[in-house]
There are 2 protein chains.
Amino acid sequence: MEDWGLPDPLRGGAMGGNGHEPATAARRLAESTGWLLTDAAREITLKLEEALKGTGLRWRDYGVLVVLEADGPLSQQEIGRRLAVDRSTMVHVIDVLEQQGLVVRSRDRADRRAYSIELTGPGRTLLVEVLHPLTARVHSGVMARLTHEDRAHLNRILAQLAGGAPRPE
Amino acid sequence: MEDWGLPDPLRGGAMGGNGHEPATAARRLAESTGWLLTDAAREITLKLEEALKGTGLRWRDYGVLVVLEADGPLSQQEIGRRLAVDRSTMVHVIDVLEQQGLVVRSRDRADRRAYSIELTGPGRTLLVEVLHPLTARVHSGVMARLTHEDRAHLNRILAQLAGGAPRPE
DNA sequence: TATTGTTATACTCTATAACTATA
DNA sequence: TATAGTTATAGAGTATAACAATA
């Protein structure tokens with residue numbers, strides 16, 4: 001009675017009836033959400049990294065700047081928590097951004113173990129004038145394959161998937 | 001529940017309609033498909049890898065078996081092409097599967113440079129009795145957050161994205 | 001000359017554990 | 001005792017380039 005709500009080919013061949021359609025690999029993979037997600041993520045990430053090449057920044061660096069733009073200043077660990085990056089890895093990430101003058105480290109006065117990472121003026125400017133337009137262009141290029149309706153659908157559904165939000169009834 | 005570190009500013013929030021928001025929440029959300037895809041892909045991949053742990057196989061190994069089940073036998077390079085894996089990496093992947101008796105290498109008679117990789121009986125059995133049900137359960141767990149309609153939507157849209165198919169008018 | 005599989009190698013990425021300074 | 005940041009290091013994963021056999 002359990003309705004897994006899965007693409008038929010993923011249910012295995014164990015579906016009683018003998019309507020045995022030989023699932024092709026293309027069909028099975030094409031209906032496996034795991035695969036589709038991985039492929040789509042790889043494709044868009046490659047394009048974003050390519051587009052960012054001239055800036056000396058990675059796609060993840062852009063993520064740090066975006067988080068800081070909206071919610072900063074934040075500690076290194078807090079930024080890492082939001083981006084699923086370990087604190088030891090965050091050290092190098094912030095090093096790069098600081099060396100480029102896009103963020104500054106200063107001690108958090110309330111807790112002097114932690115840094116208070118903050119966007120600099122140049123960092124904010126780079127975001128607005130270069131990075132946002134750049135990534136927006138990549139996104140619209142990829143999304144151009146979809147109808148406007150599908151674009152909205154996609155983001156809403158993905159947010160539900162990744163956010164772990166239970167399906168509203 | 002798990003926190004996948006979705007940057008809060010990307011999740012949505014206040015939609016300032018009069019174009020004076022400093023390029024944050026609303027606009028960023030509309031352009032954040034790259035993030036959403038990456039997060040969703042990471043989440044589902046982690047769960048699939050976790051579920052496959054007992055089998056000694058990786059999610060990618062399962063992909064190889066799926067491709068062979070439907071379209072095999074194939075050369076190592078052809079399998080790699082379909083899964084976006086380099087031929088030098090495919091050597092190790094096939095090594096593992098062969099050592100477990102799930103596939104066999106034999107020389108392609110038409111082109112003796114290439115191998116003809118084929119699923120074995122045990123390989124086919126493992127797919128049907130263990131791997132397909134296992135991965136189906138993971139998928140259904142993740143997709144349970146979505147309505148039936150959204151599940152179908154998602155796969156169709158992702159296929160368009162990753163496939164590079166132009167938007168049909 | 002080009003291609004399949006292979007190997008060796010190097011490079012990237014990331015996490016783990018230990019250390020320091022604060023709490 | 002616990003935590004933020006740091007550092008060194010080790011491991012996984014992957015790609016690159018060269019080589020042998022075959023086309």
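Side chains included, hydrogens not; waters and symmetry mates left out as well; all remaining heavy atoms used.
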Once side-chain hydrogen bond (donor to acceptor under 3.5 Å, both in side chains) is applied, do any residues pair with A/R137, and if so which ones, sequence neighbours excluded? none
All heavy atoms of B/V128 vs all of B/P133, minimum pair found to be O-CD, 3.4 Å
Does any pair with a residue in residues 89-108 of chain B pass salt bridge (Lys or Arg N to Asp or Glu O under 4.0 Å), and if so which ones, sequence neighbours excluded? B/D95-B/R105, B/E98-B/R105
Base, sugar-phosphate, or nothing for A/S88, non-hydrogen atoms under 4.0 angstrom? base
Tell me every residue that passes side-chain contact (heavy atoms from CB on, under 4.5 Å) with B/V85, counting only those two or more places apart in sequence or in another chain. B/R60, B/L83, B/T89, B/M90
Answer yes or no: is there a side-chain heavy-atom contact under 4.5 Å between B/L158 and B/L37? yes
What residues, two or more places apart in sequence or in another chain, satisfy side-chain hydrogen bond (donor to acceptor under 3.5 Å, both in side chains) together with A/Q100? none
How close or far is atom P of C/dA8 from atom CG of B/D86, stated in whole angstroms? 17 Å
Estimate the overall bend of the helix from C/dG5-D/dC19 to C/dA23-D/dT1 from the end axes over five pairs each, rounded to 10 degrees. 10°
Is there a donor in the side chain of B/Y62 and an acceptor in the side chain of B/T135, or the other way round, less than 3.5 Å apart? yes
Which pair of heavy atoms, one from A/W59 and one from A/H139, lies closest together, and at what distance? CH2-CE1, 4.1 Å
Positions of residues 111-120 of chain B (non-hydrogen atom under 4.0 Å from DNA chain D), listed by number: B/D111, B/R112, B/R113
Who pairs with A/R87 by side-chain hydrogen bond (donor to acceptor under 3.5 Å, both in side chains), at least two apart in sequence or on another chain? none
Sequence neighbours left out, what passes side-chain hydrogen bond (donor to acceptor under 3.5 Å, both in side chains) with B/E78? Give chain and number order. B/R81, B/R82
Starting at the 5' end of DNA chain C, which residue's closest nucleotide do you reach first, A/R109 or A/R58? A/R58
Mind checking what makes side-chain contact (heavy atoms from CB on, under 4.5 Å) contact with B/R113, not counting sequence neighbours? B/D111
Mind calculating the distance between CD (A/Q77) and P (C/dT22) to the nearest angstrom? 17 Å
So the side chain to side chain donor-acceptor pair (under 3.5 Å) pairs with at least one residue in residues 117-131 of chain A (sequence neighbours excluded) are none
Can you list, by residue number, the residues of residues 91-103 of chain B that have a non-hydrogen atom closer than 4.0 angstrom to DNA chain C? B/V91
Interatomic distance where CZ belongs to A/R107 and C1' belongs to C/dT20 [whole Å]: 10 Å
May I ask you to verify if any side-chain N or O of A/T89 is less than 4.0 angstrom from the OP1 or OP2 atom of C/dT14? no
Sidechain N-carboxylate O distance under 4.0 Å for B/K47, B/E43: yes
Between CG of A/D108 and C1' of C/dT22 the distance, given in whole Å, is 12 Å
Strictly below 4.0 Å: does B/R87 bring a side-chain N or O up to OP1 or OP2 of C/dT7? no
Outermost contacting nts on DNA chain D, any atom under 4.0 Å from chain B heavy atoms, listed 5' then 3', are D/dG13 to D/dA23
